[in-house]
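Here is the structure we will look at.
Because the structure is a prediction, the values reported are computed rather than measured.
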Amino acid sequence: MSVLIVLFLTAILVLFSGVFEKGKYARYIGILGLIVGLGISFLPECEFFAQYKSMYDYSYNAALFTKVSIVVTTLLFFLGGFAFSNHRSHQSELYALMLFALCGGIVLFGFQNLVTLFIGIEILSIPLYVMAGANKTDLRSTEASMKYFLMGAFATGFLLFGVALVYGSAGSFDLYAIHDFAYNNPKNLMLIMGAILMLSALAFKVSLAPFHMWSPDVYQGAPSLITAFMASVVKISGFFALFKLMTIAFGGIAGDWINILGVFIILTLLLANVMGLVQTNAKRMLAYSSVSHAGYISLIFFGINNFSAYILGYYLFAYSLATVGVFISLIWVEKIKKETSIPAFNGLGKKEPILAVVSTISMLSMAGIPLTAGFIGKLGIFNQAIGGHYEFLVLIAVLGSALSIAYYLRLIIAMFFYKEHTFTAAETSTITYKIVSVVIIVALVAMGIVPDLFAKLFGL
C-alpha cells in the first residue's frame, strides 16, 4: 500500500503542475514519482498497513505485478514528450489520469475481497474513458470514448450482478470465504451463475472474444500513447485480477466455468488472427493482435501449478515490452504523416533504422519467434496447458500464432522492403525514443536467451 500512496500523491502533484507553464514539468514529476514507487516496491510492506489486509494485501505476487506495471508505465512516460506534443494545454491531466489508472491496477493486484475488486476496476476504467477521448477535435477519438464508456458500463453491470449473486450464496465478499463455500457447495447454482457473470465482465476488460468488439475502434480512435497504455498496463491489471479471482474464489467450481473460458479462447484466437490478416490500418491490426494475445494468456488457467503466476508475469511483461516497442514507431509515423495505415510505414527502416528494428523485434516476440522473450513466454504457457492435458487448445494457439506471423510480416516488409520518399531529412526521432528502443531491444533478446533474467530484474 506504500507504493499505492506514493503513486497517488504523484498523480495529484502531476495534476496540479498544470497550473505552472501548462504542465511543462508534469512528465518529469511523473517519472520521478514512478522511480520512487518502483524503489519502494522492492521493500517489505510497512507494518502499519497490516490492519488493512482483509481488503488489500501486498503479497509476493502483488509485488511482482506492481513492479512490472510501474516499469512499463515509466517507459510510456518517457515517450510522452513527443507523443503528447499536440496536447500541451492539458498534458498534465493526461499524465495524471495515467497515474490514477495505474493506481487502480495496483489495487487489483492486492484485492482481497469483491468490494476492493470493484473499486480497483472503476479506478482503472474511469480515467481510460476520459483519455480515450483526449483528441477533442477528432471524431474517432470521441467515438472511442463513448464506445468504451458504454461497453464498460455494460460490463460493470455484469460484474455487480455477479457480485450480488456470489454474496447472496456465500454470504461474504472475502475471496477465501467464497473459496471455502465453493469447495463445500460445488453445485450451488447461484454461485456458479455469479462466477460466470464475473468471468464475462472481466473478459471485457481483457478483450476476450466475444467481448472484444470495442477494442479495434477504441484502439484506433484513442491517442496512440493511451492505446499503448491500454494494451499493456491495463491488460496486465485485468489479467491478474481475473487470474486471482477465478483461481482463489472460484477454484472449487472450476469445472463449471473452465469450459466456457475454453470456448472464449477458441473464438478469440481464431477470430482475432483472421481479422488481423485483413486490416490495412496498423493500430487496428495491433488491436486484433492484442485480442489474440488475450487468448494466449488465458491458457494460464489450464493445467495450473505453483509456477502459474510467475509464468503469467513473465508473459505479460514480455508482451508489454513488445507492445511499447511497436508503438514507438507508430507514434512517430503518426506524428509525421498524420495517419497509421500500413503503407505509411514504407521506408521506415532506411529513415529510422532503430525504430524499425525495435518494432520488428517486438513483433517477432509477439509472434513467438525463438530467441525473443515472447517465445519463452508462450513456451511456458503452452507447456503448462499440455501438462494439464489441454493439447487441443494448445494446437489452436499454435495455429493462431502461425496466422499472426503473416500480418506482422506485412508491417515488417513495409518498413524494410518498400521505398518511401515523403520522409524529409529534418524529420528525425528524438534521442529519448532511440534510448527506449535500445532498452526494449536488449530486454526482449536478453530475456529470450536468459529467461532467468526476469526473476533477477524483479528481485524474485
Side-chain angles (χ1 to χ4, degrees), residues 1-17 26-27 29-77 92-131 159 173-175 202 205 229-230 232-245 248 309 312-313 316-317 320 458-460:
M1 192 171 285
S2 304
V3 182
L4 185 61
I5 291 172
V6 167
L7 293 178
F8 176 76
L9 292 176
T10 301
I12 297 294
L13 283 174
V14 168
L15 182 63
F16 283 97
S17 71
R27 182 164 66 104
I29 296 171
I31 291 171
L32 179 62
L34 286 165
I35 292 171
V36 173
L38 181 62
I40 292 174
S41 69
F42 283 89
L43 302 176
E45 182 66 297
C46 178
E47 291 184 6
F48 173 80
F49 299 114
Q51 58 188 311
Y52 301 110
K53 276 196 172 183
S54 62
M55 296 290 287
Y56 178 89
D57 182 24
Y58 190 68
S59 62
Y60 176 88
N61 288 332
L64 169 61
F65 284 87
T66 296
K67 295 169 190 172
V68 168
S69 296
I70 292 175
V71 168
V72 175
T73 305
T74 304
L75 290 175
L76 292 172
F77 264 64
S92 61
E93 290 93 328
L94 291 174
Y95 289 123
L97 287 169
M98 287 176 71
L99 287 170
F100 284 128
L102 175 62
C103 288
I106 292 174
V107 171
L108 290 177
F109 299 144
F111 79 94
Q112 289 294 95
N113 62 46
L114 302 185
V115 175
T116 316
L117 169 67
F118 174 72
I119 291 171
I121 287 176
E122 292 307 298
I123 295 173
L124 175 70
S125 300
I126 293 172
L128 293 173
Y129 302 149
V130 179
M131 288 189 288
L159 178 68
F173 290 120
D174 185 80
L175 292 185
L202 289 172
K205 295 298 178 185
F229 183 80
M230 288 192 286
S232 54
V233 176
V234 175
K235 198 168 286 285
I236 293 170
S237 305
F239 260 110
F240 184 72
L242 180 61
F243 178 78
K244 188 172 183 178
L245 177 69
I248 295 179
L312 178 63
L316 285 169
F317 183 58
S320 297
F458 293 103
L460 304 181

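For F16, the side chain to side chain contact (heavy atoms under 4.5 Å, CB included) criterion is met by I12, not counting sequence neighbours. Scored by the ring pair (Phe, Tyr, Trp, His ring centres under 6.0 Å) test, F458 finds F317, F454 as partners (sequence neighbours excluded). With sequence neighbours excluded, the residues forming a side chain to side chain contact (heavy atoms under 4.5 Å, CB included) with V6 are T10, V36, I40, listed by chain and number.
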Could you pull out all donor-acceptor pairs under 3.5 Å where a side-chain atom in residues 120-129 meets a protein atom, sequence neighbours excluded?
from, atom 1, to, atom 2, distance (Å)
E122, OE2, T156, OG1, 3.2
S125, OG, I121, O, 2.7
S125, OG, K205, NZ, 2.7

Tell me which donor-acceptor pairs under 3.5 Å the side chains of residues 55-66 have, and how far apart each pair is, sequence neighbours excluded?
from, atom 1, to, atom 2, distance (Å)
Y58, OH, S41, O, 3.0
S59, OG, A62, N, 3.4
T66, OG1, A62, O, 2.6

Please list, one pair per line, the donor and acceptor atoms closer than 3.5 Å that link side chains of residues 106-115 to other protein atoms, with sequence neighbours excluded.
from, atom 1, to, atom 2, distance (Å)
Q112, OE1, K244, NZ, 3.3
N113, OD1, V115, N, 3.0
N113, OD1, T116, N, 2.9
N113, OD1, T116, OG1, 3.0
N113, ND2, S54, O, 3.2

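Under the 4.5 Å side-chain criterion, counting only non-hydrogen atoms from C-beta, I236 is in contact with S320. Here the side chains of L9 and L13 are not in contact, with every heavy-atom distance at 4.5 Å or above. Looking at S232 and L76, their side chains come closer than 4.5 Å, going by heavy atoms from C-beta outward.
Residues L102 and S69 share a closest heavy-atom pair of CD1-CB, 3.7 Å. Taking all atoms of both residues into account, the shortest heavy-atom contact from V14 to S17 is O-OG, 2.6 Å.
With values rounded to the nearest 0.5 angstrom, S92 atom OG is found 9.5 Å from L97 atom CG. With rounding to the nearest 0.5 angstrom, the OH atom of Y95 is 14.0 Å from the CG atom of L15. Separating the SG atom in C103 from the CD1 atom in I5 is a distance of 10.0 Å, to the nearest 0.5 Å. Distance CZ/R27 to CZ/F77: 9.5 Å, rounded to 0.5 Å. Atom CG in L34 sits 8.5 Å away from atom CG in L38 (nearest 0.5 Å).
Here the options are T73, V68, T74, the test is side chain to side chain contact (heavy atoms under 4.5 Å, CB included), and the partner is I70; only T74 passes.
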